[in-house]
Number of protein chains: 2
Amino acid sequence: MTQQFKRLKLDIVRPVPSDHEISRNQLPKHITVVGREAGITSEELEPYGAYKGKVKLDVLERLSDRIDGKYILVAGITPTPLGEGKSTTTVGLAQAIGATLGKKSFANVRQPSMGPTFGVKGGAAGGGYSQVIPMDEFNMHITGDIHAVGMANNLLAAALDTRMFHEATQSDASLFKRLCPIKKDGSRDVPIGLTYRIKKLGLDINKINEWSEEEISKFVRLDIDPKTITWKRVLDLNDRSLRGITINEAPTEKGLIRKTGFDITVASEVMAILALSTSLKDMRERFGKIVVASSKKGEPITCEDIGCAGALTAIMKDAIKPNLMQTLEGTPVFVHAGPFANISIGASSVLADKMALKLAGTEKGLSEEERRDKVGYVITEAGFDFTMGGERFLNIKCRTSGLKPDVIVIVATVRALKVHGGGSDVKPGMNLPIEYVSENIEMLEKGCCNLQKHIENAKSYGVDVIVAINKMSSDTNREHEIIKQKSIEAGAIDAIVSSHWEDGGEGAKELAEGVIKCANKEYEGQLDKEFKFLYSVDGTIEEKIETIAKEMYGAGSVKFSEIAKEKIEEYSKQGFDKLPICIAKTQYSFSHDAKLKGVPSNFEFPIKDIKASVGAGYLYALADQIMTIPGLATKCGFMNVEVGEDGEIEGLF
Amino acid sequence: MTQQFKRLKLDIVRPVPSDHEISRNQLPKHITVVGREAGITSEELEPYGAYKGKVKLDVLERLSDRIDGKYILVAGITPTPLGEGKSTTTVGLAQAIGATLGKKSFANVRQPSMGPTFGVKGGAAGGGYSQVIPMDEFNMHITGDIHAVGMANNLLAAALDTRMFHEATQSDASLFKRLCPIKKDGSRDVPIGLTYRIKKLGLDINKINEWSEEEISKFVRLDIDPKTITWKRVLDLNDRSLRGITINEAPTEKGLIRKTGFDITVASEVMAILALSTSLKDMRERFGKIVVASSKKGEPITCEDIGCAGALTAIMKDAIKPNLMQTLEGTPVFVHAGPFANISIGASSVLADKMALKLAGTEKGLSEEERRDKVGYVITEAGFDFTMGGERFLNIKCRTSGLKPDVIVIVATVRALKVHGGGSDVKPGMNLPIEYVSENIEMLEKGCCNLQKHIENAKSYGVDVIVAINKMSSDTNREHEIIKQKSIEAGAIDAIVSSHWEDGGEGAKELAEGVIKCANKEYEGQLDKEFKFLYSVDGTIEEKIETIAKEMYGAGSVKFSEIAKEKIEEYSKQGFDKLPICIAKTQYSFSHDAKLKGVPSNFEFPIKDIKASVGAGYLYALADQIMTIPGLATKCGFMNVEVGEDGEIEGLF
């Protein structure tokens with residue numbers, strides 16, 4: 001059913017126009033064509049307008065016999081605030097493999113938050129001649145998944161607060177009468193959502209009319225300690241005013257005020273669950289496990305206790321289907337889930353990766369040569385640098401999915417390496433200092449230590465590394481040679497210059513050839529090891545954190561705050577200590593201190609707090625205060641936006 | 001391009017199963033089939049999954065030469081809290097005209113809020129054998145319009161608060177430098193969103209570098225008086241904890257705390273604008289006119305002043321396209337916009353009505369007979385009873401659209417009329433008192449005064465009225481006869497019993513025949529008048545309110561509170577006094593007092609406050625405190641919801 005792939009021709013213009021202009025000048029294929037070309041049946045594709053579609057999970061079942069395609073992880077070096085082109089490389093590489101080299105390829109990327117879209121950041125669809133189109137649709141709504149995440153998150157929040165209100169204002173008997181009203185025949189109407197708590201408490205639902213007062217009380221009272229509530233409301237906007245708020249101030253709420261705040265929607269645990277779920281059933285179970293608070297006795301109170309997990313699943317039942325879009329050259333893209341990289345895994349969904357790997361996969365029983373010829377490539381991205389994003393990808397996402405990458409691509413730029421070699425700070429909106437726009441071998445050589453540490457870290461998982469040098473116009477050949485040499489020294493299997501931003505897939509052709517060669521183990525000296533995790537989940541929370549901090553970040557020691565110690569004790573008692581760890585820290589250094597460039601070592605790594613995302617399946621340890629809802633600047637993205645009478649958006653980026 | 005309509009056969013079961021069960025047992029047609037049958041081209045339809053689609057506004061242009069189809073407004077008598085089946089009648093009538101009688105028909109309904117979906121109310125897709133399917137998709141997300149409304153509303157809120165923050169923490173010079181940064185060539189980069197304020201202030205953008213300090217200050221400082229802010233944030237959930245909140249409490253916000261609250265999304269002015277806009281350009285202009293606060297000098301501060309209207313339009317550019325779905329018998333349904341009936345117009349969109357009227361319309365140059373044969377019917381609904389919802393529909397929505405109904409259908413039930421005849425209170429979840437489940441002629445006869453007043457009110461606009469008696473199982477023929485007789489007495493052109501809830505379109509066949517006859521002026525004694533509004537917008541605010549209260553509600557006088565008087569003065573000064581009026585009051589009485597059943601008269605009608613929805617284009621006058629975000633009950637809709645592994649939702653209603 002796969003039909004011949006039709007490449008969208010690039011009409012390359014110099015100087016490179018704005019991202020939005022490039023996107024608008026390319027007429028995308030209808031999404032049904034993209035789907036057919038990708039091997040998705042028309043029954044499996046649900047178009048959402050002309051250029052977006054949802055793909056049913058049935059694909060996984062239909063292709064379950066296939067051997068997966070090749071799995072390519074794109075990560076980066078420690079970046080500057082300008083970004084080093086990781087998404088652009090992901091898309092460019094997919095264009096090169098799919099459109100230039102004519103192999104099957106999928107780019108798997110995250111859905112961007114609309115907050116930054118109207119803030120300062122601009123879009124996240126790649127850039128230049130390597131992007132996902134139409135970029136305005138990519139950056140707004142897509143098929144509504146983030147909105148569904150927000151609804152699910154906020155239904156749970158409303159249910160939690162309302163339950164506390166009703167418990168505070170009603171007797172046990174009244175609560176029982178209302179929660180499980182007596183029917184005409186004398187039996188009780190027990191909502192299905194409350195049956196899970198009945199089971200958890202070991203009560204017999206068939207003897208509900210014989211429960212003792214104590215049993216009734218245990219059932220109807222969650223007895224939440226307001227101080228322990230960790231569940232916040234969310235909004236997909238940069239709304240700084242909601243960082244800290246007091247709620248329940250209306251007279252109807254009888255003075256039960258409490259302090260809380262909003263996060264940006266992508267920071268919701270619901271989003272992390274969307275990214276990590278392996279099936280609808282798995283998602284349902286994860287929702288049930290979400291811990292929102294503790295009871296006054298210290299027991300974890302879950303979404304299941306509130307009776308809300310089924311409704312969350314209903315809200316999210318379409319969001320679980322990966323979204324199909326396309327690159328500028330018409331190769332397929334899965335856009336699915338976008339957990340906030342600052343406190344979550346920062347990777348797109350397990351289900352989109354699994355689906356793409358099956359679609360890029362091959363039938364069983366092929367010869368090596370046939371498989372080499374037919375196999376496709378799934379390029380997926382990890383947020384931030386390899387050592388943060390890649391580590392989480394491997395130890396959390398891959399642990400959940402059971403997948404392992406065939407190649408890790410580490411994106412490096414001359415600019416960022418010079419920062420690590422002592423160059424002055426760079427900031428968005430500022431002109432670049434002189435060292436970044438002219439050759440500076442010494443500074444670059446010095447800064448390559450950062451790249452080298454990321455390569456070594458990546459190789460420690462047993463996966464080969466290729467360095468992608470994301471070319472910028474002021475780079476010199478000598479500078480590129482140095483990066484190549486330093487990469488090979490550190491154990492990269494190759495280091496290849498790529499000009500996909502200005503040239504599209506054609507500019508990443510050599511990089512694509514290298515990646516294909518590496519994925520098929522055709523370089524000399526490739527690793528011959530099994531993939532392995534950095535740590536076992538069976539260790540203590542402290543051990544796991546220490547392993548990450550020391551072996552990945554280069555810390556000499558870890559200092560746990562008093563709060564962190566208390567949390568460790570609490571989570572261990574509650575049975576949440578066997579989860580993998582997501583460390584939240586700055587992305588601008590291997591360490592916790594954004595100012596420490598290059599490869600800092602022997603620093604004391606602080607853990608200020610630890611929180612639990614039990615539904616998503618990890619603990620996150622905070623090395624710093626992490627801002628979970630950004631603000632808007634004085635001059636803001638939204639001020640540039642206008643819509644013509646033809647419905648065309650102007651000035652989005 | 002219209003293809004032969006394929007009726008979905010009903011498989012009628014007794015007793016009538018739950019709404020959700022009926023919906024699930026019917027296999028809908030693919031939305032592309034529904035679109036083709038309705039005369040929508042494949043280029044004009046954007047499918048969103050298999051059973052929903054958006055229809056491009058291009059339809060209006062393509063069919064602009066057609067004479068509109070017949071426009072049927074469905075309204076009700078003063079209802080009980082159980083609802084009297086207005087939506088069900090709307091859908092049943094469309095099924096009867098379209099599927100039973102084989103004419104073109106469209107049901108135009110509102111998109112329901114998800115708040116009540118997970119609260120106690122349940123769905124809003126009609127019911128029994130007259131409903132919109134699939135009902136779970138109808139009740140959740142549809143194509144994301146409500147989410148887009150929320151985003152647009154909340155972007156404006158975030159922009160407003162952030163602007164106040166930046167103004168409070170920066171000098172004029174700093175604000176100016178940031179809002180309009182100096183480019184390399186010395187000119188300033190002025191975001192397009194700020195050019196409107198420059199024009200409004202009469203400043204010359206070409207001389208921006210020559211502006212005086214005073215001019216700069218005027219431009220950069222909106223100088224908002226926090227006490228005057230009327231713009232609230234929204235959420236599409238019943239979250240009572242957010243009714244009253246304090247924001248800006250995070251340390252980053254420098255103590256600029258203020259009190260505010262959330263409304264439910266459908267109460268947002270953005271939703272009212274979606275309902276009332278006549279084109280994308282019109283929507284853009286309305287967004288610009290939204291007034292969010294006053295400056296300390298008392299000038300209205302608009303969305304345009306904040307530079308946000310273009311971005312709101314971008315967020316809403318797909319939401320403006322009406323959504324196509326289908327009834328249980330496969331006739332087309334437009335689901336578009338759902339402004340909160342309590343404080344807004346409670347009707348679906350102008351654009352959906354216009355589109356349906358063109359699709360149901362006929363080519364020019366047909367004979368009377370040919371037109372009679374070919375013309376189609378658009379059944380649209382007004383929230384609440386005729387005297388609230390219908391009055392707003394006619395005086396606000398029709399004033400905007402330029403459309404006028406051919407027939408007004410008033411839905412009555414024996415049950416509700418008995419309440420107006422002195423029957424005891426009815427409440428959801430309670431067993432019905434005896435007078436409602438057995439014949440009670442006296443009570444019914446007495447209660448018919450309520451129906452009669454609605455008929456008289458409706459006729460005063462110059463439109464003929466047909467009464468639809470929504471049949472319930474305990475009704476008797478004698479009871480129906482009395483309603484018929486009383487209806488005719490009051491001037492209704494006919495009164496027809498309809499059993500669409502239990503029989504689908506077939507049950508509304510006679511009603512449909514009556515509506516068709518009336519729309520084509522084939523009854524004897526039909527009105528021969530021009531349609532006329534109740535009031536001219538040129539009157540004063542007081543005059544307009546008094547006209548509605550006295551002529552529609554039966555009030556003897558109107559008492560304006562001090563606040564209301566101040567607002568009238570303020571709005572008159574600001575030039576907002578020539579807008580139509582939306583009165584917010586209880587829907588359970590003609591008066592402001594829910595306890596006054598039947599036809600109260602000579603009461604003093606209180607106006608406690610007046611607010612402005614300048615973008616939507618009306619003032620709303622509050623006869624009472626209106627709750628703008630509902631709460632969740634102890635036992636709540638969400639507790640019944642579960643999702644099977646096959647993705648089927650259980651227990652939604």
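Sequence lines set the chain letters: A, B, ... in the order given, protein chains first and strands last, and positions in each chain run from 1.
- In terms of heavy-atom pairs under 4.5 Å with chain B, the best-connected choice from A:T143, A:L155, A:T313 is A:L155.
- Heavy-atom distances place the side chain of B:Q170, and not its backbone, under 4.5 Å from chain A.
- When each of A:G244, A:G644, A:A250 is checked for heavy-atom pairs under 4.5 Å with chain B, A:G244 comes out on top.
- Residue B:A309 does not touch chain A at all, counting heavy-atom pairs closer than 4.5 Å.
- For the set B:R240, B:M151, B:M627, the entry with the most heavy-atom pairs within less than 4.5 Å of chain A is B:R240.
- Of the residues considered (B:A314, B:G261, B:G144), B:A314 shows the highest number of contacts with chain A, using heavy-atom pairs under 4.5 Å.
- With respect to chain A, the highest number of heavy-atom pairs below 4.5 Å among B:E253, B:R178, B:K321, B:E46 belongs to B:E253.
- For A:L237, the part lying under 4.5 angstrom from a heavy atom of chain B is the side chain only.
- Here the straight-line distance linking atom OG1 of A:T246 with atom CD1 of B:I257 works out to 8.0 Å at 0.5 Å rounding.
- Distance alone, capped at 3.5 Å, places no donor-acceptor pair between the B:H141 side chain and the A:M316 backbone.
- The most heavy-atom pairs under 4.5 Å with chain A, out of B:R163, B:M140, B:R233, come from B:R233.
- In this structure, CD1 in A:I247 is found 14.0 Å from CD1 in B:I247, a value given to the nearest 0.5 Å.
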Subject >> Full working for side chain to side chain contact (heavy atoms under 4.5 Å, CB included) between A:M639 and B:I192 >> reply: CA-CA 6 Å; A:M639 293 178 181; B:I192 185 165; over 6 Å; no
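- Rounded to the nearest 0.5 Å, atoms CD (B:E249) and CG (A:L242) are 11.0 Å apart.
- For the options B:I146, B:T260, B:D646, B:D189, heavy-atom pairs under 4.5 Å to chain A are most numerous at B:D189.
- With rounding to the nearest 0.5 angstrom, the OG atom of B:S241 is 9.5 Å from the CD1 atom of A:I245.
- The candidate from B:L179, B:D161, B:L280 with the greatest count of non-hydrogen atom pairs under 4.5 Å with chain A is B:L179.
- Neither the backbone nor the side chain of B:P251 comes within less than 4.5 Å of any heavy atom of chain A.
- Minimum heavy-atom separation, B:L175 to A:T634: CD2-CG2, 3.9 Å.
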Original post:
What's the verdict on side chain to side chain contact (heavy atoms under 4.5 Å, CB included) for B:F638 and A:L312, showing C-alpha distance, side-chain angles and the deciding distance?
Top reply: CA-CA 9 Å; B:F638 70 75; A:L312 264 64; over 6 Å; no
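- Remark: A:D136 CG to B:D318 CG distance equals 8.5 Å, nearest 0.5 Å.
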**OP:** Could you please spell out the steps behind the side chain to side chain contact (heavy atoms under 4.5 Å, CB included) verdict for A:N431 and B:K184?
**Re:** CA-CA 10 Å; A:N431 290 334; B:K184 280 184 191 167; 3.8 Å; yes
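- Put simply, the side chain of A:H166 never gets that close to the backbone of B:K635: no donor and acceptor are under 3.5 Å apart.
- Only the side chain of B:Y196 comes within less than 4.5 Å of a heavy atom in chain A; its backbone stays farther off.
- Along residues 47-58 of chain B, the residues that come nearer than 4.5 angstrom to chain A, judged on non-hydrogen atoms, are B:P47, B:Y48, B:G49 in order of number.
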**OP:** Please assess A:D239 against B:N154 for the test side chain to side chain contact (heavy atoms under 4.5 Å, CB included), listing each intermediate value before the final yes or no.
**Re:** CA-CA 8 Å; A:D239 192 348; B:N154 292 341; 5.6 Å; no
**OP:** Could you walk me through whether B:E648 and A:K317 pass the salt bridge (charged side-chain N to carboxylate O under 4.0 Å, His left out) test, one step at a time?
**Re:** CA-CA 9 Å; B:E648 282 289 350; A:K317 84 171 176 55; over 6 Å; no
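- Ranking A:G307, A:G150, A:G193 against chain B, the residue ahead of the rest is A:G307, based on heavy-atom pairs under 4.5 Å.
- Counting heavy-atom pairs closer than 4.5 Å to chain B, the top residue among A:D236, A:I315, A:L235, A:L194 is A:I315.
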Original post:
Would B:T252 and A:R243 satisfy side-chain hydrogen bond (donor to acceptor under 3.5 Å, both in side chains), going step by step from the backbone distance to the final call?
Top reply: CA-CA 9 Å; B:T252 51; A:R243 282 173 187 160; 3.1 Å; yes
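- Contact of A:A159 with chain B is made through backbone and side chain together, with heavy-atom distances under 4.5 Å.
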